[in-house]
Each structure stands twice: as structure tokens, then as C-alpha cells.
Amino acid sequence: MTATHIPSASTGSVSSASGPSAPAAPSRRYAGASVARRLLVAGAVSAPLWAVSALTQAATRDGFDITRHPLSVLSNGSLGWLQITTFVVVGVLAMAGALGMRRALRGTPGGVWVPRLLLVNGIAMIAAGVFVMDPADGFPAGTPEGTPASLSGASIGHMAAGSVAFFSLIAANYVLVRHFRRAGRSGEAVLSLIAGTALLLGNGWAMAGGTAGTLTLAVGALTAMLWVSAVAARASRGV
């Protein structure tokens, strides 16, 4: 059989495409899988990083009470840069995880919308770090009790970004319910349902002014975030 000859892109010389030199696609697939794995690991790290940073600050910042203050108000004060940085870094990691999930879930039920919703969540987390919530209810120390008489533009931007982050995360968890059900993984479907519902109810209770609403919101958000990170961690082992 006569070999097929292809002009070289760099020199225009003739090179052979026959024999063992032809298949370069597998190496590209392996490289793509390696990139996807790193992206998924970034997503897997995002929620634990948020939990450690935010809860450590909540436990150590003077005057902060998680039953009265939302974690977002930690962005204020002399150490506020820690929470602002946490928002931005976790948002970037969540976006990376969303890109990894796009590859891991490709061609499966929910494989389009889960990555899109998680990407929106990551972008909204970054925005929530850029726009800082107003000091309120005695935090940071020296702030008058109660909520401000009027909200700053930054605080309004923060609450809008937070709402987008929460609802995109809730929706992503509910789409994962369908994904896992169709895959016959009922246990993971139930956990996805619990995670999404925990944030939905926790946020709803906080918005309604319920007792310790900031605590229920924190628990719901952490539950939903940690479950998505667990899904990304498991997916990283399969790409």
C-alpha cells in the first residue's frame, strides 16, 4: 500500500502519515483529561476552603455572632480583607470546577445545566466579594445595633450577587438529582435533594426574618457547597 504524504506546516516538506506516527489523538485525550481533573480538584477544594476560612473568622472575630450576623458581614473591619479574599478565591475555584464538570458530565442528563449553573455561582461569589455588605447589628465592634437606615450601593450589589449565588447553587443541586436518578445512583440523588433543599429552606427562613436565620442560611449554604465539592472530587477520579 502506498503511504499518504502530507506537506509539513512548518517547512512545506513532505512527511509520511502512515504507520505508527499517525495516532496523536490519544495523547490529546489524556492531556484533556488531566486538565479536567485539575479543574475538578479546584472545585472540590472550593467549599472546604470557604468553610474553614469563614467559620474560623466567625469563631475568632470580636463581636461576631453567627446567630445574628451573616457570614458576609465579615468583609468589614480591619480584617475584612480575609473574607473578601475568601469570596474571590472560592469563586474562582468554583468556576474552575464548573469547567471541569462540563467535561465530566458531558452527554449525561444534567450535563449542560449543572456546569452552567455552577459557573454562574462562581461568578456571583466573586461579585459578592467585590461588593461589601454594610456593617450592621453591632459588627464590627462599635457599629450601632440594628440594620442601617439605608443601604449603600455596594450592599445592594452584594445582596443581589448573593441571591444569584444561592439560587444557582440550589438549582445545580436539583439538576444533580435528575442526573443521579437517571444514572441509577439513588443515594447520591437523595443527598443532592437534601443539599439543595437545605439551602432553599435556610435562605427562605433567613429572608423571612426567622430566629437565628443567619445560622440557618450558613448551614444551608455550607451543606449545598460541600455536596457540590464532593461531587467534583468523585468526578475527578473518573476523568
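Quick note: residue numbers are just sequence positions, from 1.
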*Is there a donor-acceptor pair closer than 3.5 Å between any side-chain N or O of His179 and the backbone N or O of Pro109?*
yes
*So which heavy atom on Thr67 is nearest to which on Asp65, and how close?*
OG1-OD1, 2.7 Å
*asked:* Is it the case that the side chain of Thr216 and the backbone of Trp205 share a donor-acceptor pair, with hydrogens and angles ignored and the cut-off at 3.5 Å?
replied: no
*Are the side chains of Leu74 and Ile84 in touch, meaning some heavy atoms are under 4.5 Å apart?*
no
_For a quick test of reading the model, state the closest non-hydrogen atom pair linking Thr143 to Pro140 and the distance between them._
OG1-O, 2.8 Å
*Got a donor-acceptor contact below 3.5 angstrom from the Ser53 side chain to the Trp50 backbone?*
no
*For Ile126 and Met95, work out which heavy atoms get closest and say how close.*
CD1-SD, 3.6 Å
*Inspect the surroundings of CZ in Arg181 and state if more than 12 heavy atoms from other residues, nucleotides or ligands are less than 6.0 Å away.*
no
*Residues His158, Phe87; criterion side-chain contact (heavy atoms from CB on, under 4.5 Å); working and verdict*: CA-CA 11 Å; His158 178 89; Phe87 268 117; 3.8 Å; yes
*Whether Asp134 side chain and Ser152 backbone form a donor-acceptor pair below 3.5 Å*: yes
_Backbone N/O of Val73 and side chain of Asn76: donor-acceptor pair under 3.5 Å_ = yes
*Any donor and acceptor pair, going by atom type alone, linking the side chain of Ser46 with main-chain N or O of Gly43 inside 3.5 Å?*
yes
*Closest approach of Met125 and Val90, non-hydrogen atoms and distance?*
CE-CG1, 3.8 Å
*Going through the checks in order, is the side-chain contact (heavy atoms from CB on, under 4.5 Å) test met by Glu188 and Arg234?*
CA-CA 11 Å; Glu188 287 156 298; Arg234 176 161 182 168; 2.9 Å; yes
*Check for a donor-acceptor pair, side chain of Thr85 on one end and backbone N or O of Trp81 on the other, with a separation under 3.5 Å.*
yes
_Counting only heavy atoms from other residues, nucleotides and ligands, does the tally under 6.0 Å from CZ of Arg182 exceed 12?_
no
_Can you tell me how the ring of His69 sits relative to the ring of Phe64, calling it parallel under 30°, perpendicular over 60° and tilted otherwise?_
tilted
_With sequence neighbours excluded, residues passing salt bridge (Lys or Arg N to Asp or Glu O under 4.0 Å) with Asp137_ = Arg68
